[in-house]
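Working notes, beginning with the structure itself.
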Amino acid sequence: LRTAEERMHSGRGRSASLRRAANAERESRARAARAAAARKRGAELAETALDRGATALEKGAEKSAPIAIILHPHPQSGGTMNNRVVYNLHYAFHRMGFTVMRFNFRGVGRSQGEFDDGIGELSDAASALDYLQAMNPNSKHCWVAGFSFGAWIGMQLLMRRPEITGFVSVSPPANMYDFSFLAPCPSSGLIINGSSDRVAPPKDINNLVAKLREQKGITITHEEIEGADHFFRDDEAHMKPMIDTVQAYVRRRLTETTR
């Protein structure tokens with residue numbers, strides 16, 4: 001038989017466990033509420049940008065259409081949402097039935113604010129994604145595509161938003177930015193670049209691909225467009241093959257059930 005002291009300690013232990021469980025439940029609800037509020041603020045910010053013409057949006061035909069955001073190159077190097085690569089990626093996703101958005105990072109064009117070394121730009125990307133998710137809450141596929149600096153931002157967003165099911169990274173500047181945060185990379189995706197890229201040299205991109213391919217549970221597809229520079233300047237020889245490759249990859253992934 002247990003003594004009165006043992007029963008008392010046992011009761012205290014159960015009470016402490018119940019208090020911890022209750023506290024954990026309250027904290028979980030509070031986190032969910034903060035996340036919902038952040039998504040709402042992000043959607044409102046993105047809608048304001050849309051009204052100012054700082055964003056371009058094409059809606060998919062279906063209410064459950066997959067969603068994608070397209071991220072532009074470095075703002076201080078002339079990068080905008082009207083960049084040729086970004087523009088072509090945008091309409092490539094739209095042709096596949098996506099609801100797709102491209103937008104100017106803060107301080108570019110009609111977007112308010114100023115360049116923030118990637119921190120604010122990542123927040124901008126998250127806000128755009130919030131807006132698309134609010135518009136298409138039943139979407140089963142969520143993609144991010146970025147070109148150059150935008151590829152770096154897109155990969156960071158990938159790490160923070162587990163609902164992203166695929167990515168397209170065009171000419172990622174692995175020689176300029178640290179991609180080691182992709183450990184582990186949470187989703188399969190396509191990395192594509194030109195063989196004659198002098199801005200983001202192929203050898204650095206090859207090293208990035210090799211590191212990502214060491215990770216288990218994902219598949220990194222790497223394609224190189226022969227003769228293309230960083231900007232895929234030749235429409236027929238370089239831009240079209242790049243966009244065709246992106247579309248073929250995304251269409252295939254949309255039929256798969258794994259990440």
Side-chain angles (χ1 to χ4, degrees), residues 42-43 45-46 49-50 53-58 66-94 96 98-133 141-161 163-174 176-179 181-182 185-187 189-193 197 199-200 205 208 230-232 239 242-243 246-247 249-250:
L45 288 170
L50 187 64
T55 298
L57 172 71
E58 307 294 335
I67 60 175
I69 59 170
I70 316 297
L71 307 176
H72 71 69
H74 204 293
Q76 295 190 324
S77 298
T80 76
M81 70 177 189
N82 294 320
N83 169 273
R84 288 173 61 254
V85 173
V86 172
Y87 179 91
N88 279 284
L89 284 171
H90 179 101
Y91 283 101
F93 274 89
H94 181 54
M96 291 185 284
F98 278 73
T99 291
V100 57
M101 173 185 282
R102 71 186 195 276
F103 61 94
N104 282 330
F105 287 128
R106 57 188 61 201
V108 177
R110 295 182 180 180
S111 289
Q112 296 178 340
E114 59 185 22
F115 180 65
D116 196 29
D117 291 315
I119 299 172
E121 288 73 22
L122 177 56
S123 178
D124 295 340
S127 295
L129 186 57
D130 290 335
Y131 180 77
L132 284 188
Q133 288 178 318
H141 300 276
C142 176
W143 283 67
V144 57
F147 169 44
S148 195
F149 172 83
W152 180 58
I153 297 296
M155 299 298 267
Q156 292 181 71
L157 185 66
L158 179 70
M159 294 297 295
R160 289 161 173 77
R161 301 294 287 264
E163 68 270 31
I164 296 176
T165 51
F167 70 86
V168 175
S169 186
V170 181
S171 305
M176 302 179 191
Y177 294 102
D178 182 7
F179 283 79
F181 57 82
L182 292 166
C185 180
S187 178
L190 170 67
I191 295 177
I192 187 166
N193 61 286
D197 191 334
V199 177
I205 295 176
L208 171 62
H230 190 66
F231 302 98
F232 302 88
M239 182 69 77
M242 185 271 285
I243 293 298
V246 169
Q247 285 190 301
Y249 174 79
V250 175

Shortest non-hydrogen contact from Met242 toward Phe232: CG-CE2, 3.7 Å
Mind checking the CG-OG1 spacing from Leu158 to Thr165? Nearest 0.5 Å is all I need. 9.5 Å
Among all residues two or more places apart in sequence or in another chain, which pass the side chain to side chain donor-acceptor pair (under 3.5 Å) test with Asn88? none
With a 4.5 Å heavy-atom cut-off, do Met81 and Ile70 have their side chains touching? no
Please work out whether the ring planes of Tyr91 and Tyr87 are parallel, tilted or perpendicular, with thresholds of 30° and 60°. tilted
Are Phe103 and Val108 close enough that some pair of their side-chain heavy atoms sits under 4.5 Å apart? no
Excluding sequence neighbours, so at least two apart, what forms side-chain contact (heavy atoms from CB on, under 4.5 Å) with Phe115? His74, Pro75, Gln76, Asp117, Glu121, Phe149
Over all atoms of both residues, closest heavy-atom pair of Tyr131 and Leu57: CE2-CD2, 4.1 Å
Value rounded to 0.5 Å, distance of CD1 in Ile153 from CZ in Phe147: 14.5 Å
Do the side chain of Arg106 and the main chain of Gly120 share a donor and acceptor less than 3.5 angstrom apart? yes
Would you indicate whether the side-chain heavy atoms of Asp130 and Arg161 approach each other to under 4.5 Å? yes
Would you indicate whether the side-chain heavy atoms of Asn193 and His230 approach each other to under 4.5 Å? no
When you measure from the side chain of Tyr177 to the backbone of Pro172, do you find a donor-acceptor pair of N or O atoms at a distance under 3.5 Å? no
Any non-hydrogen side-chain atom of Asp124 less than 4.5 Å from a side-chain atom of Asp116? no
What is the minimum heavy-atom distance between Ile243 and Ala92, and which atoms define it? CG2-CB, 3.8 Å
Are the side chains of Leu129 and Val144 in touch, meaning some heavy atoms are under 4.5 Å apart? no
Working to the nearest 0.5 angstrom, can you tell me the gap between Met155 CE and Phe181 CZ? 6.5 Å
Rounded to the nearest 0.5 Å, how far apart are NE2 of His72 and CG of Leu89? 13.5 Å
Looking only at heavy atoms, which two atoms of Pro73 and Asn83 are closest? And how far apart? CG-ND2, 3.7 Å
Could you pull out the closest heavy-atom pair between Pro173 and Ala200, with the gap in Å? CA-CB, 3.8 Å
Let me see the working for Tyr249 and Ile192 under side chain to side chain contact (heavy atoms under 4.5 Å, CB included), right down to the final yes or no. CA-CA 11 Å; Tyr249 174 79; Ile192 187 166; over 6 Å; no
Residue pair Met159 / Pro186: nearest heavy atoms and the distance that separates them: SD-CD, 3.3 Å
Spacing of Ile67 atom CD1 and Phe98 atom CZ [to the nearest 0.5 Å]: 9.0 Å
Between atom CD1 of Ile191 and atom CZ of Phe167, what is the distance when rounded to the nearest 0.5 Å? 5.0 Å
